[in-house]
Number of protein chains: 2
Amino acid sequence: MRSKGLTKEIIIAEAVMYIEESGHSTISLHELARRLEVKTPSLYNHIKNTKDLQHEVFRYAIDKFVANQNAAIAGRKKDDAIRAFSEAYYNFAMENKGLYRLIMSMPLDNDDMEKEMAVPLLETVINLLSDYGLHDEALAHWQRVLRAILHGFISQEDLGYFYYYKDVDSKKSREIAIQCFLNGLHAELGTI
Amino acid sequence: MRSKGLTKEIIIAEAVMYIEESGHSTISLHELARRLEVKTPSLYNHIKNTKDLQHEVFRYAIDKFVANQNAAIAGRKKDDAIRAFSEAYYNFAMENKGLYRLIMSMPLDNDDMEKEMAVPLLETVINLLSDYGLHDEALAHWQRVLRAILHGFISQEDLGYFYYYKDVDSKKSREIAIQCFLNGLHAELGTI
DNA sequence: TATTATAACTAATGGTATTAGTTTATTAAA
DNA sequence: TTTAATAAACTAATACCATTAGTTATAATA
């Protein structure tokens, strides 16, 4: 019973499709096999294990996220770029919950390959801040601050921690945070 | 074969012990039963299901976190209190990874009881900012900003996103972020 | 044409949550 | 004191989940 024409690419594409549609960050091999109309163990002819599959979807998610960010900041500089970036970042996370959750649930501890894959995601912010002519250490700090704010907001909202003042506009909260960040960054520049 | 003296409290205590020791945010009923020297289904005489157990551990985690925060800000006001709070928040998350991860992986969407349980966690920050005499809407915004920064930093560091500039002190990054927040807050007060 | 590699399969193991039904000791009632 | 009810353990079973071992059929190659 050879060859229904299954390939690693088809498996990844189906997993991505499920994750994008459902908002879940994972898919079981059982469910994946069902959709592809094969038996679960057949998938192992193409992938090593679930971790392997997760890596492939992670790669896809990073690519899509980075492309989205680059499009958002094209032709922009400094504060304008940061504001556009922040908005794009938030919108991507909300419109691609599964992919964003996957990215933010991948611990890069052990695996050097995972770290490699995540680099472009860090570079977008570093690139963004390099317009300001900060020295290396300041760049490292402020890049962390921006990432923390952006992810922190999404994480809290996603978890449901914004229900408490649910009538208060969450977009305005984010704008306040970004303005706060920009003011801090400008103050930092004044000290150089 | 009645009564090895198992109670809901003992089960919760064992789950908490495992979560605190391992750093994982969950424990399987299988593992829990093994530790308590009973068979897995026996646990159902005391708990409803895993969600029920998770709620109980969540309640414990919130209590411990809030108590830690209150101790940290006792006798402090304004900026001093915010700095002490931020440091305590970070230290708690690092020293209680399992409990912190549990708190930050509990989606409060559907369940009103979960929302209730999480309220004290929001109130600590609101309480902290109430020293400044902000009006309600500003309080709601700035409370979100502080939460986002605090959690965002921990989340990014925990995930491994700080390896990129691993020689740059992460404590200094956090201090910059908090100073940035305080400056923003003071600027807000200037506009009232 | 015979061989080999591959891509599917079945069967099995072990971990996970959960439910149904059984046993038994203790507690409460008769 | 005997009896009945209850509660806390149990076994057995179902249903997912990942993974491995071993089987089979077919397509490509020697």
Side-chain angles (χ1 to χ4, degrees), chain A residues 1-19 21-60 98 101-102 105-107 109-111 113-114, chain B residues 1-19 21-60 98 101-102 105-107 109-111 113-114:
Chain A
M1 192 194 295
R2 182 170 178 178
S3 215
K4 298 191 178 180
L6 198 57
T7 64
K8 188 163 187 176
E9 288 66 39
I10 292 172
I11 294 174
I12 296 165
E14 189 68 38
V16 163
M17 201 182 305
Y18 175 86
I19 288 169
E21 284 170 6
S22 72
H24 298 140
S25 62
T26 56
I27 180 172
S28 74
L29 296 187
H30 188 74
E31 172 66 13
L32 190 50
R34 198 190 58 72
R35 290 170 161 251
L36 293 166
E37 295 179 306
V38 295
K39 302 294 172 183
T40 311
S42 304
L43 298 173
Y44 284 89
N45 288 316
H46 305 279
I47 62 167
K48 261 183 63 192
N49 47 40
T50 47
K51 194 75 190 166
D52 178 34
L53 178 62
Q54 194 187 24
H55 281 156
E56 299 295 345
V57 180
F58 183 62
R59 191 191 309 280
Y60 171 89
R101 284 170 177 165
L102 174 64
S105 66
M106 179 76 80
D109 305 333
N110 315 314
D111 198 323
M113 192 185 65
E114 289 172 356
Chain B
M1 191 194 295
R2 180 168 177 182
S3 216
K4 297 189 176 178
L6 197 57
T7 64
K8 187 164 188 176
E9 287 67 38
I10 292 173
I11 293 174
I12 295 165
E14 189 68 38
V16 163
M17 200 182 306
Y18 175 86
I19 287 168
E21 285 169 5
S22 71
H24 297 140
S25 61
T26 56
I27 181 172
S28 73
L29 297 187
H30 188 74
E31 172 66 13
L32 191 50
R34 198 191 58 73
R35 289 170 162 252
L36 293 166
E37 295 179 308
V38 296
K39 302 294 172 182
T40 310
S42 303
L43 299 173
Y44 285 89
N45 288 316
H46 305 278
I47 61 168
K48 262 182 62 192
N49 48 39
T50 46
K51 194 75 190 168
D52 178 34
L53 178 61
Q54 195 188 24
H55 282 155
E56 298 295 345
V57 181
F58 183 62
R59 190 192 309 279
Y60 171 89
R101 284 170 179 166
L102 173 63
S105 65
M106 179 76 80
D109 305 334
N110 314 315
D111 197 323
M113 192 185 63
E114 289 171 357

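Numbered from 1 within each chain, the chains take letters A, B, ... in sequence-line order. These numbers come from a predicted model, not from an experiment.
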**Prompt:** Can you check the B:Leu29 CG to C:dT19 P distance for me, whole Å?
**Reply:** 11 Å
**Request:** Look at A:His30 and D:dC17 and indicate whether a side-chain polar atom (N or O) is within less than 4.0 Å of OP1 or OP2.
**Result:** yes
**Message:** Ignoring hydrogens and geometry beyond distance, is the side chain of B:Asn45 in donor-acceptor contact with the base of D:dA9 at under 3.5 Å?
**Reply:** yes
**Prompt:** Rounded to whole angstrom units, what separation is found between the CG atom of B:Leu32 and the P atom of D:dA9?
**Reply:** 13 Å
**Request:** For B:Gly5 and B:Ile10, work out which heavy atoms get closest and say how close.
**Result:** O-CD1, 3.3 Å
**Item:** Distance in angstrom units between B:Gln54 CD and C:dT16 P, rounded
**Value:** 16 Å
**Item:** Rounded distance (nearest 0.5 Å) linking atom CD1 of B:Ile47 with atom CG of B:Asp52
**Value:** 6.0 Å
**Asked** Counting only N and O atoms by type, is there a donor-acceptor contact under 3.5 Å from the side chain of A:Arg101 to the main-chain atoms of A:His24?
**Response** no
**Fill in**
Whole-Å distance, B:Ile10 CD1 to D:dA8 C1', equals 13 Å
**Message:** I need the CG-P distance between A:Leu43 and C:dT6, as an integer number of Å.
**Reply:** 18 Å
**Whole angstrom value for the distance that separates C1' of D:dA8 from CD1 of B:Ile11** = 11 Å
**Message:** Closest-nucleotide mapping onto DNA chain D: is A:Glu31 or A:Pro41 further toward the 5' terminus? I mean the 5' end.
**Reply:** A:Glu31
**Complete:** For B:Thr26 and B:Tyr18, the nearest pair of non-hydrogen atoms, with its separation, is O-CE2, 3.5 Å
**Message:** Regarding D:dA18, can its base be found pairing with the side chain of A:Asn49 as donor and acceptor, where the two atoms are less than 3.5 Å apart?
**Reply:** no
**Residue B:Ser42, side-chain heavy atoms: nucleotide from D:dC10, C:dC9, C:dT19 that is nearest** = D:dC10
**Fill in**
Among the nucleotides C:dT18, D:dA8, C:dT16, whichever has the atom closest to the side chain of B:Ser28 is C:dT16
**Message:** Can you tell me which nucleotide in D:dA8, D:dT19, C:dA8 comes closest to the side chain of A:Leu6?
**Reply:** C:dA8
**Prompt:** Where the side chain of A:Lys39 is defined as all heavy atoms beyond and including C-beta, which of D:dT19, C:dT10, D:dA18 is the nearest nucleotide?
**Reply:** C:dT10
**B:Lys48 NZ: over 12 foreign heavy atoms closer than 6.0 Å** = no
**Message:** I want to check one thing: is the phosphate of D:dA7, taken as OP1 and OP2, less than 4.0 Å away from some side-chain N or O of B:His46?
**Reply:** no
**Nearest to side-chain heavy atoms of A:Thr40, which nucleotide of D:dA18, D:dT19, D:dC10** = D:dT19
**Complete:** Rounded to whole Å, the CG-P distance (B:Asp52 to C:dT18) equals 10 Å
**Message:** Without decimals, in angstroms, what is the distance between A:Arg34 CZ and D:dA15 P?
**Reply:** 16 Å
